[in-house]
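Hydrogens, waters and symmetry mates play no part in the numbers below; they use all other heavy atoms, side chains included. One-based numbering, in listed order, for ligands and for the atoms of each.
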Amino acid sequence: MAEHGSIFRAMLQEFDEAARLLNLDPGIWKILTHPKRQIIVSCPVQMDNGEIEVFTGYRVQYSITLGPAKGGIRYHPDVTLDEVTALAAWMTWKCAVAHIPFGGGKGGVVCDPTRMSRRELEALTRRYVAEIVDAIGPEKDVPAPDVNTNDQVMAWVMDTYSMHVGHTSTAVVTGKPLELGGSVGRREATGRGVMIATREAARHLGRDLAGASIAIQGFGNVGSVSADLLAKAGAKIVGITDHRGGAYHARGLDIPKLLEHAQAHKTVDGFPGGEPLTNEQLFALDVDVLIPAALENQITIENASTINARIVIEAANGPVTPEANNILHQRGVFVVPDILANSGGVTVSYFEWVQDRYGYFWDESDVNARLEKKMYEAFHDVLQTSLKYKVDMRTAAYIVAISRVGTVTQLRGMYA
Ligand code: GLU
């Protein structure tokens, strides 16, 4: 069912389990399982060869109950409305678990950015933003980077929105370059949060990060920063894969050298300091920690029983299907779910939005200390809930999120 079907349905399966345990009011249940708003736009762009292409874009505002919708924009050929809706729901639960005053949203454009020039990407970004300009804003919906988008794309989002409203608006988007209202520490924030979640999970199981063996799928912003910070904390990163290939070293890969290699070749594949590694081999490695940091649906019923790791940290959104999650649970694997494990990114997005609205910027040690505190609290709120309800960390994270969003929904009441 959810294995090869709807990602939104997979999200609902996770939601329903927690809602049952909470005895959630049926009315609130209905509200929380429907997206508030789904926007579909067509974005015509003149390509470099002179031809016009029309790209489909989505922006889903799943919830604005706790504050403005918040969530990234992804550029990928496989983007669908179903996927963007699930990702927007996950943002809602993530912001609630992180205890920041945001709802959840997500955007996506069906395109292959690896085959587009910088000019084409700028034109597409500006047209997409122009199409959704009335729906976004610092108080309404605040986008950010996601798969295949970065600080330059966010700069174009900020500029296009600002030109439309007639004044510079920095707080409309986060993950911007530092020069135009970005926050120090935002680029590394998701990876830093992943490092903190891994450290706390290891501690909970009586282990130490120093000397722990780790395998990571994905070497984009999240995978590479996680690898770097975990290696600096003393862990051995034995295997890393990306969409082109992978590298393995039993005593630990040299991460600074691998970063240089990936910078030059746009992949970890062919790294001279390790042996080749496939995704299949990566998932089956006998390691302390496995970190999927790429896309959805990577650990499925097909490969869940090959996993040998003691801990799985979901740095990506939705990397484990509900069926695979059950298998991991039965096999005693400690899974830290996406809505907790990767919440460091949106937490520092919140700090960026606060700094933009304040017009006063913090230094990096301040940002990192606040992130450390937020991640630590979120991890332990979820851990305590999991011990209290005797459930896994995913169900516990949903329980925390649904209680928070549900309480506010009830307090605010129905507007008819
Ligand atoms: N795209 C990131 C996520 O999935 C960050 C979202 C944000 O900062 O708004 O959590």
Discussion item. Checking side chain to side chain donor-acceptor pair (under 3.5 Å) between Y75 and each of T125, D146, N148, D112, which is the one that passes?
Written reply: T125
Worksheet item: Counting only heavy atoms not in K140, do more than 12 sit closer than 6.0 Å to its NZ atom?
Response: yes
Worksheet entry | Heavy atoms from other residues, nucleotides or ligands near CD of E280 exceed 12 (cutoff 6.0 Å) | no
Worksheet item: Looking only at side chains, do T80 and D82 share a donor and an acceptor under 3.5 Å apart?
Response: no
Worksheet item: Is a side-chain donor-acceptor pair under 3.5 Å present for T174 with K70?
Response: yes
Fill in: Min side-chain heavy-atom separation Y398-E17 under 4.5 Å
no
Item to complete: Can you tell me which residues line ligand 1 if we count any heavy atom under 4.0 angstrom from one of its atoms, in chain and number order?
Response: K70, G71, G72, M91, K94, K106, A144, P145, D146, R186, N317, G345, V346, S349
